[in-house]
Amino acid sequence: MRPGQAPGGSLLLAGGRVVTPEGVLSPGWILVTGDVIGAVGPGDGPDQAAPRLPVIDLRGQWVLPGFVDLHVHGGGGTSFTEGTADDARHAAAFHRAHGSTTMLASLVTAPLGELEARAALLAGLAEEGVIAGLHLEGPFLSAARCGAQDPRHMLAPDVGVFERLRAAAGGHLRVITLAPELPGAAEVIRAAVRAGVTVAVGHTDASAEVTSAAVDAGATHATHLFNGMRPWHHREPGPAGALLDRDEVTCEIIADGVHLHDMTVRLAARAAGPGRLVLVTDAMAAAGMPDGSYWLGSRQVDVAGGVARLAGEAGSPGAIAGSTATMEGVVRHAVAAGVPVPEVAAAASTTPARVLGLGDRTGALRPGLAADLVVCDDEFGLSAVMRHGQWLSGFPAVARLSRARGPSR
Ligand SMILES: [Zn+2]
């Protein structure tokens, strides 16, 4: 057995601050058995550990559940929205290396035939287990709040179109973002709910009342709360107010230091609470890449200083277009903004896993779940990522962490 690996065997991660659904164990330990978490507990290790159990010393490190990103278009120079299946695999690998052990692939508004082709290609990756499914961010969106989405290809909500896209995704469509004020939206919401697809409200100019009616019809998720929607006003709280107001709605935020003020991040976290807040990247191909020009679907995006904007008219900055964030980065930023670590872990992992119906498989450091976890240093810099009991390669820190304290411990 290679050091730090547990193929079929067992491995003890000890000495770290372990973030569990019940609180932080400091120190705590995790027994990894094959590809699952066998046991978790406080203190230095289980009383009756097998005598030759390999031990990884995680003193000075945080251990968090592997991140679950519900909203991501690409990263590492390639994307889910264009290119080959290998390009999409590369983008997924990039985000896995930054802690996202589970992710959806998000598509943006495009001509219908193109969307069907992309959905079919990504369905293959879902079959392989590379991604956990698809998120359709479009085409039923509001041109008034299009952000970086191409308004030329937006469509009025239509159950027939929805069913075509769902069929193309071969049972792997998990989330659809739509604008509930558009005619026909209620019918699509009901069709999606019947099909087991989560309906997210986003890129919308709806009033609070129309948004609440969409929740009544079955919408249960908010796509990047505050961004791409009519802004909050104290007499007209808009979609953001209505979505925060409803206990059944989980609320995505992009806590990258660009899309939202830190105060907004803290207020959203407090208003939604740990069971409803979801951290996402909304990352595009430029994540992890140098400044320059990239594509988001059909639209050219210029990245300067790590901020992605639509290529604007001369002299005027274009709309913010996706992000260059990673889950590692938004987790670090949310902690720095003042969100308590256990709430950050819930928002980055536990709650989005529940949204996907995977709460009994991943998203928490709990016995019986997949051994999907991330190890972070004191400043929440990533030290290592484990997925299904295997350390991901490419982490120099893994070798350092893997100096076990020895079997005699
Ligand atoms: Zn997006």
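Indexing begins at 1, ligand by ligand and atom by atom, following the structure's order.
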inquiry  = The test is side chain to side chain contact (heavy atoms under 4.5 Å, CB included); show your working for I253 and L279 and say whether it passes.
reply    = CA-CA 5 Å; I253 58 167; L279 295 177; 3.8 Å; yes
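Evaluation of the ring-ring contact (aromatic ring centres under 6.0 Å, His included) rule for W62 yields F380 as partners, not counting sequence neighbours. For H221, the ring-ring contact (aromatic ring centres under 6.0 Å, His included) test picks out no residue, with sequence neighbours left out.
Annotation: side chain to side chain donor-acceptor pair (under 3.5 Å) contacts involving residues 180-200, sequence neighbours excluded, comprise E181-T204.
The aromatic rings of H73 and H71 sit perpendicular, their planes meeting at an angle over 60°, well past the 30° parallel limit.
Across every non-hydrogen atom of G241 and W232, the tightest pair is CA-CZ3, 3.5 Å.
Listed by chain and number, the protein atoms of type N/O/S under 2.8 Å from the Zn ion (ligand 1) are H71 NE2, H73 NE2, E137 OE1, D282 OD1; waters are omitted.
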